[in-house]
Amino acid sequence: MSYDVAIIGGGLAGTAAAYYLTGHGLTPAVLEAGELNAEASGANAGSLHFQLEHRLIVHGDALAQQVAAIIPLAKRAMALWRGLETELRVPLDVVMDGGLMLAETPEDMARLEAKQAVEARWGLDTQMLDQAQVRARLPGVADTVLGAAHCADEGHANPRLTTLAYARRATQRGARFFPHARVMATERRAGAWSLTLADGRRIRARVLVNAAGAWAREVGALSNVHIPIVPVALQMTVTEPVAPRLGHLIQHAGKALSMKQVEAGNILVGGGWPARLGDPGRRPRAFPRTIARNLATACGVWPELGRLALLRTWTGTVGVSTDQLPLIGRLSALPDYYVVGAGSGFTLGPAFAATLADQIATGRSDPAATVYSPDRFAHLNMFMGL
């Protein structure tokens with residue numbers, strides 16, 4: 001079986017890349033070891049957070065300046081999410097009513113002001129709010145909250161629907177999807193990639209894309225290259241449904257937190273709290289201690305949460321690059337080998353995929369996207385490749 005592009009990984013980035021590649025007239029095949037959308041793309045909390053995150057700003061201005069290079073992707077993702085339900089012709093529970101990143105200390109406020117200045121230089125529209133303005137937007141907010149940064153385009157969407165919607169539309173446009181198709185070997189032959197599946201089938205494609213997320217390193221090893229993406233286990237919690245209370249995505253400037261109310265009325269609480277990595281192929285295990293700390297952080301800024309019953313906690317494994325920036329583009333150590341993924345993969349996944357598809361189809365890289373190139377880690381592969 002021969003295709004223009006073989007994509008290893010059936011999460012949001014790989015599936016959306018298949019869709020956008022079909023828009024360029026290419027025929028992709030997506031190879032997924034399990035079920036489509038079964039890992040991080042379907043197990044996350046669905047936040048659309050376009051402000052620089054807590055994890056990116058808490059370590060000081062130097063790192064914030066470095067990771068601000070992600071803002072052009074955030075702006076492209078905003079535009080894609082705004083029109084995605086129309087584009088994919090199906091409801092995705094997309095709500096973009098704005099987000100608040102809260103501050104509880106003078107240090108938090110200073111951090112938000114520095115962040116807002118960086119975002120303004122990169123063209124991302126965020127506004128500082130004082131305590132009274134936060135109270136007007138978020139009734140019931142704790143007295144400890146001194147202010148917030150507001151982004152009008154933030155919100156949330158349904159991760160259980162988005163990847164599968166991309167897959168349906170990509171299939172209608174000629175893409176092929178192979179679930180339960182674990183790739184066991186990759187080999188470069190006669191100007192194309194040959195992939196051997198666990199059941200003995202072979203797939204041939206001119207271009208190979210590693211979109212395996214937390215497992216990108218293992219997939220890279222099949223082609224004798226290092227992909228510096230590491231697995232991170234996270235956990236999230238959901239409450240009983242209640243009447244509309246929370247009209248914004250809530251984050252925190254100095255603590256790990258995300259909180260939002262979905263269409264069914266449930267409050268989802270997360271923000272990057274760790275779970276325990278499990279054995280390969282198994283879900284991570286939840287940490288009761290960190291669940292309690294996550295909920296205490298949420299109740300500290302919005303006390304009403306403490307009156308709600310919890311329904312469940314779940315976990316997922318995401319892939320994060322060693323420098324916090326995504327990897328998008330061609331790896332020079334190998335011919336026609338591309339990587340896509342790492343960090344904020346749900347929020348930015350459509351932009352990751354569209355950017356990658358443009359590069360593959362045109363052979364050119366947007367100058368603004370060169371900072372995401374896997375070749376920034378070329379020193380890891382100077383003795384590798386095929």
So how far is it from Ile7 CD1 to Leu195 CG, rounded to the nearest 0.5 Å?
11.5 Å
Side chains of Leu331 and Asp375: does their closest heavy-atom pair fall under 4.5 Å?
yes
Can any side-chain N or O of Trp193 pair as donor or acceptor with the backbone N or O of Pro335 at less than 3.5 Å?
yes
Under the 3.5 angstrom rule, does the side chain of Thr290 hit a backbone N or O of Pro274 as a donor-acceptor pair?
yes
If you draw the axis of the six-membered ring of Tyr19, does the NZ or CZ of Arg173 fall within 45° of it and under 6.0 Å from the ring centre?
yes
Has Tyr20 got a side-chain atom pairing as donor or acceptor with Thr355's backbone, closer than 3.5 angstrom?
no
Members sharing Trp314's hydrophobic cluster (side chains within less than 4.5 Å):
Met236, Val238, Val262, Leu268, Leu311
Separation of Gln359 CD from Ser365 OG (nearest 0.5 Å)
4.0 Å
To the closest 0.5 Å, what do you measure between OG1 (Thr317) and CG (Asn44)?
12.0 Å
Judged by modelled atom types alone, do Asp93 and His156 share a side-chain donor-acceptor pair under 3.5 Å?
no
Does any part of the side chain of Arg376, heavy atoms only, come nearer than 4.5 Å to the side chain of Asp323, both counted from C-beta?
yes
Is there a side-chain contact between Leu102 and Trp302 (heavy atoms, below 4.5 Å)?
no
Using atom types as modelled and distance alone, determine if a side-chain donor or acceptor of Glu119 lies under 3.5 Å from a backbone N or O of Gln51.
no
Where Leu356 and Ala17 come nearest, the two heavy atoms and their spacing:
CD2-CB, 4.1 Å
Any carboxylate oxygen within less than 4.0 angstrom of a Lys/Arg side-chain nitrogen, looking at Asp108 and Lys255?
no
The side-chain contact (heavy atoms from CB on, under 4.5 Å) partners of Arg330 (sequence neighbours excluded) come to Ser332, Tyr338
With a 4.5 Å cut-off on side-chain heavy atoms, are Trp215 and Ile8 touching?
no
Closer than 3.5 angstrom, by distance alone: can the side chain of Asn37 be matched with the main-chain N or O of Gly42 as a donor-acceptor pair?
yes
Residues at least two apart in sequence or cross-chain that pass side-chain contact (heavy atoms from CB on, under 4.5 Å) with Arg176, listed by chain then number, are Tyr3, Phe178
Shared hydrophobic cluster, Leu234 / Leu249 (ILVMFWY, side-chain heavy atoms < 4.5 Å):
no
Same hydrophobic cluster for Val320 and Leu277, using side-chain heavy-atom links shorter than 4.5 Å among ILVMFWY?
no
Keeping the roles fixed (side chain from Gln261, backbone from Arg245), state whether a donor-acceptor pair exists under 3.5 Å.
yes
Output yes when a side-chain donor or acceptor of Asp4 lies under 3.5 Å from a complementary backbone atom of Pro28, and no otherwise.
no
State, with a plain yes or no, whether a side-chain heavy atom of Arg89 is found less than 4.5 Å away from one of Arg168.
no
Could you grab the distance from atom CZ of Arg201 to atom CG of Leu31, nearest 0.5 Å is fine?
8.5 Å
May I ask you to decide whether Asp143 forms a salt bridge with Arg135, counting only side-chain N to carboxylate O separations under 4.0 Å?
yes
Tell me if a side-chain donor or acceptor on Thr22 pairs with a main-chain N or O of Ala175 at a distance below 3.5 Å.
no
Non-hydrogen side-chain atoms of Phe287 and Gln235 separated by less than 4.5 Å:
yes
So, for Leu73 and Pro326, which heavy atoms are closest and what is the spacing to 0.1 Å?
CD1-CG, 3.7 Å
Side-chain heavy atoms under 4.5 angstrom apart, residues restricted to Ile, Leu, Val, Met, Phe, Trp, Tyr: same cluster for Val207 and Phe352?
yes
With no hydrogens and no angle check, do the side chains of Glu104 and Thr144 hold a donor and an acceptor under 3.5 Å apart?
yes
Euclidean distance, Leu308 CG relative to Leu295 CG, rounded to 0.5 Å
10.5 Å
Can you check whether Arg82 reaches Asp153 side chain to side chain, under 4.5 Å on heavy atoms?
yes
Rounded distance (nearest 0.5 Å) linking atom OH of Tyr337 with atom CG of Asn210:
4.0 Å
Once the angle between the rings of Trp81 and Phe346 is folded into 0 to 90°, is it parallel (under 30°), tilted (30 to 60°) or perpendicular (over 60°)?
tilted
In terms of side-chain heavy atoms, does Thr186 have a donor or acceptor partner in Ser223 at a distance below 3.5 Å?
yes
So, Thr362 side chain and Arg364 main chain: donor-acceptor pair closer than 3.5 Å or not?
yes
Identified side chain to side chain contact (heavy atoms under 4.5 Å, CB included) counterpart of Val183 within the set Leu222, Val219, Leu208, Ile203
Leu222
So do Ile360 and His24 actually touch side chain to side chain, heavy atoms under 4.5 Å?
no
With a 3.5 Å distance limit and no angle check, can you tell me whether Ser47 reaches the backbone of His49 through a side-chain donor-acceptor pair?
no
